[in-house]
Peer 1: 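I am attaching a structure below and will ask some questions about it afterwards.
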Amino acid sequence: MKMNTDSNVYTIVYSIVLVVIVAVLLAVVNQGLKARQEANKLLDTQKQMLVALNQDIDNCDDPAALYDSLVKDTVMCGESPVIVFEVDGQTKYMLRLHGQGLWGGIGGYMALNDDRNTVFGINFNHESETPGLGGEIVTEKFRSQFFNKHIKDAQGNLRSIAVLKEGKQAPEGQEQVDAWAGATITSTGVSDMLAANMEEYRAFLMEKTEQCCAQADKKCCTDQACCTADGGCKDGPCCDQCSCAKDGQCCANCSCQDCQCQTKCKED
Amino acid sequence: MALSKKTKEAFLGPLNINNPVLVQILGICSALAVTVQLKPALVMGISVTIIVALSNVVISLMRKSIPMRIRIIVQLVVVAALVTIVSEILKAFAYDVAMQLSVYIGLIITNCILMGRLEAFAMTNNPLDSLMDGLGNGFGYAWILVVVAFVRELLGSGKLLGYQIIPDSWYVANGGFYENCGMMLMPAMALILVGCIIWAHRSINDKETK
Amino acid sequence: MEKFYNLWKKFGKNFEEGGKWQKLSSCYDAFDTFLFTPQTTAKRVGAQIHDGGDSKRTMILVVLALVPCALFGMFNVGYQHLLATGQLVGGMTAALWWKAFGFGLLAVLPYYIVSYLVGLGIEFVVAQIKKEEVAEGFLVTGFIIPLIVPINTPLWMVAIATAFAVIFAKEVFGGTGYNIFNVALIARAFLFFAYPTHMTGDNVFVRTGSTWGWDSDLTAVDGFSGATPLGQLATTADANLMPTDFWTMFNGLIPGSIGETCGWAILLGACLLLCTGVASWKTMVAILGTASLTAWLFNACGPETAVANYPWYMHLVSGGLLFGAVFMATDPVTSARTECGKWIYGALIGFMVIVIRVLNPGYPEGMMLAILLGNTFAPLIDWCVVRVNINKRMKRA
């Protein structure tokens, strides 16, 4: 039976059949390979962290096992995870970095020493930066510039590390590394990423408390504690951060839970 | 089994006389984008070859049943499906390469060579010839990529396939005099290189036909 | 002179049709027209006679106009060297003056040799292949290239850049007179993009090391910075920085590319070119005027950066703006041809150079790119001007 391939009915039926077949095929492939892809992705993440810990990945037969042997704990700072490792008897804190490059997202992991100040190691990755230019942020040459740099200045303020074109000078107190020649925007992206992520982890880095506030005006971390303006937690009753009932004024004796006054204002 | 003359020509033509990049001037964008290093260029060349060959065969098998009015869309759907599958397979079995080529694999769908061959050849020829044509165009594209990437990586980073070819001691930073030519990392230079290859290609081919 | 001329002409018979060395005829011809005025005139049409003015003579005029810049540049190289190595601490003496000039001459000479050898070499080869005359356009280009590179550029890089520029910016398009882009600028642009660390920054504009073994045991003194004023503006966080004053900039004893710094030398050259009618005053005025206007606009309502706040008259004497406006934008082959077009072309360049300097932190000095952009648009500008003219005349008819 010779079908009229130009008839409307045929065209519509054909399209439907084609789309259904393709959809099924793609779904099957995706499901079938999903497990492997997830495993690959996890392994890749672990390898990145191991690189940030200056472990020799290339000569390692089983990175997953190495990772498991080094990792100790995960601490949350707001919504950002800090992964605690123990390398050669010393505690290292792994911060996750994420930001924007030239063509797409960039990210990485930064390992800090116990003092929450000195950079022990760092690793970068990117989605779609230009190979040979922005893509070179993953190289040893770029990364090694960060080793033993400090994210805080001499007075203990959180400054992050600047990535600047060769010859430019960072503001007083802030340490810097050289940008990659020819990859200006990607390098700026790295610089901005570091600054933004240091802010994200501010409370953890400034050691105000074991558990930290993600954002000062949003939530309190523990009972009876309130967030201060720079992301730390303050013990004890806090009135300046709570909203209390009387005329918009805080009463002297209110206590905080989730930044709401739990006790109605009493006349003193 | 002797291949017919037509089949042989379908394969050999695009390698030289009818080269997709040099003569048909197709697929230039990816020829500029992925050739900064040799390894992505190789992977891209192989991926494009596989996809062009496979989609040529598939469309050729389907050609009698495709409604004329939606044929471009059907071709696109088939190609998109194939590319997605290749991409998924790469992510599952060769994760680091997949990450390097992440954007470009998806862009194969828009590669003019693909649509060009499907429309011009696969729609009107039998599967075997289409396969040969697909392979020919794929390899024709691939060898151009390899040549350009070879020059670009060697002169732009001093390496080939990641291995340092130009001795470290030559570099200015290490006390020598040499510097990598940063222009080689730019697409503009890649275009000039392709132009030079076309120049050489035409001179050689013209001499033969004279 | 007569005897030499006759001998030369006899020697020339070998290069004519059927002569022994006919294949090298364009070589002979090149030297012939260089040394002597051609004896031909154009065909007699009506009442006009046009002398066989070979464009070689025009080129010689441009080269002459460039000589002051070259001489000053050589002195400046030496002067900056003496300054950097602390030899001027006791003040300038006659001996030191000559040392400065000598040092600079020896430093700059290799660049000239390389530029001419490579460029003319390629031109000669191409001319033999195409069986045409050797075009003389490279006389000027070859003289300019050393003047627009920093003194510490390695010679082999200059060689590669010259080769690239002559082949891809000139020969590929058809040779002298057919190029779209200014060839010397393409060489500079190539150097800039291919070897950026050698083209910008603090170390490239002053030669602190030795030249031909002279002063080989000296090093820079502490606290020395080789940054150009524009370079300083681009890297500073101080929004009101004034690296130096107007007259220091105009006199030109500052770090910079070899020939670009001295306003007086450029002015001399400009006078020569304007008086002989070789360059167009319209282009020059348009560039300087628009640049001033744009700089002033940025002063008034631009971002709060040092470059944006840099006064308009300082912009004019910084970087390669003057040099580019006088010698490079006015190149007759690559600039607009119509008189009205020259104003527009100049305005575009003047506008872009300031925009690039202020808005792009990656390129402290924007003249090179601005002129290349102008070159790109010149044919379009001419076409539009002609079209408008034709339309106007058709309406009148």
Side-chain angles (χ1 to χ4, degrees), chain A residues 2-45 47-48 57 103-105 125-136 138-139 141 178 180-183, chain B residues 33-41 58 62-71 73-96 98-104 106-107 149 152-153 156-157 159 162 173 179-180 182-187 190:
Chain A
K2 180 93 166 72
M3 290 208 255
N4 178 11
T5 55
D6 276 332
S7 76
N8 288 342
V9 175
Y10 181 82
T11 308
I12 295 180
V13 170
Y14 191 90
S15 328
I16 295 177
V17 170
L18 179 70
V19 167
V20 166
I21 293 181
V22 166
V24 167
L25 190 59
L26 288 178
V28 163
V29 167
N30 184 283
Q31 282 304 111
L33 294 176
K34 202 181 185 84
R36 283 195 83 112
Q37 289 174 355
E38 295 290 310
N40 276 341
K41 204 158 171 207
L42 181 64
L43 185 61
D44 189 65
T45 312
K47 275 204 232 176
Q48 286 189 36
I57 294 285
W103 298 113
N125 61 58
H126 64 90
E127 288 169 11
S128 41
E129 301 306 292
T130 316
L133 290 176
E136 297 293 294
V138 307
T139 55
K141 191 165 163 211
D178 287 335
W180 190 269
Chain B
V34 300
T35 46
V36 182
Q37 291 170 339
L38 194 49
K39 188 157 159 219
V58 170
M62 290 164 65
R63 72 185 185 280
K64 297 219 172 75
S65 67
I66 301 179
M68 274 298 125
R69 280 186 292 183
I70 56 169
R71 69 182 193 284
I73 302 176
V74 170
Q75 289 164 10
L76 262 175
V77 169
V78 168
V79 170
L82 273 171
V83 168
T84 313
I85 293 178
V86 166
S87 167
E88 295 287 307
I89 292 180
L90 271 180
K91 267 200 269 196
F93 292 99
Y95 193 76
D96 50 328
M99 283 301 110
Q100 265 196 317
L101 292 184
S102 50
V103 192
Y104 303 123
L107 286 180
R152 282 181 84 187
E153 194 178 1
S157 346
K159 301 186 188 157
E179 277 290 8
N180 285 324
M183 190 98 171
M184 284 290 165
L185 301 175
M186 297 189 173

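Note on naming: letters A, B, ... go to the chains in the order of the sequence lines (proteins, then strands), and numbering restarts at 1 for each one. Reckoned from all heavy atoms, side chains included, excluding hydrogens, waters and symmetry mates.
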Peer 1: Side chain, backbone, both or neither: which part of A/Asn30 has a non-hydrogen atom closer than 4.5 Å to chain B?
Peer 2: both
Peer 1: Mind checking the CG-NZ spacing from B/Asn180 to B/Lys159? Nearest 0.5 Å is all I need.
Peer 2: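 If I round to the nearest 0.5 Å, the distance is 8.5 Å.
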Peer 1: When only heavy atoms count and the cut-off is under 4.5 Å, which of residues 79-86 of chain B reach chain A?
Peer 2: B/Ala81, B/Thr84, B/Ile85
Peer 1: Using a cut-off of under 4.5 Å for heavy-atom pairs, which of A/Val29, A/Leu33, A/Val22 has the most such pairs with chain B?
Peer 2: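 Sorted descending by pairs with chain B, the first entry is A/Leu33.
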Peer 1: Which heavy atom of B/Arg152 sits nearest a heavy atom of B/Met184, and at what distance?
Peer 2: NE-O, 2.7 Å
Peer 1: Just give me the residue among A/Lys41, A/Glu38, A/Gln37 that pairs up with chain B most often, heavy atom to heavy atom, under 4.5 Å.
Peer 2: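 Most heavy-atom pairs under 4.5 Å with chain B: A/Gln37.
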Peer 1: Drop me the distance from A/Asn40's CG to A/Lys47's NZ, to the nearest 0.5 angstrom.
Peer 2: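 The NZ atom of A/Lys47 is 8.5 Å from CG of A/Asn40, to the nearest 0.5 Å.
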Peer 1: Chain B heavy atoms under 4.5 Å from A/Lys34: which part of the residue, side chain, backbone, both or neither?
Peer 2: neither
Peer 1: Measure the CG-CD distance between A/Leu26 and B/Glu88 for me, rounded to the nearest 0.5 Å.
Peer 2: 8.0 Å
Peer 1: In terms of heavy-atom proximity below 4.5 Å to chain A, should B/Ile89 be classed as side chain, backbone, both, or neither?
Peer 2: both
Peer 1: Give, for atom OH of B/Tyr95 and atom CG of A/Leu43, the distance between the pair rounded to the nearest 0.5 Å.
Peer 2: 9.5 Å
Peer 1: Can you tell me how far CD1 of B/Ile70 sits from CG of B/Leu76, rounded to the nearest 0.5 angstrom?
Peer 2: 11.5 Å
Peer 1: If you measure from OG1 on A/Thr11 to CD1 on A/Ile16, what distance do you get to the nearest 0.5 Å?
Peer 2: 11.0 Å
Peer 1: Restricting to non-hydrogen atoms, name the atom on B/Pro67 and the atom on A/Tyr14 that form the minimum distance, rounded to 0.1 Å.
Peer 2: CD-CD2, 3.7 Å
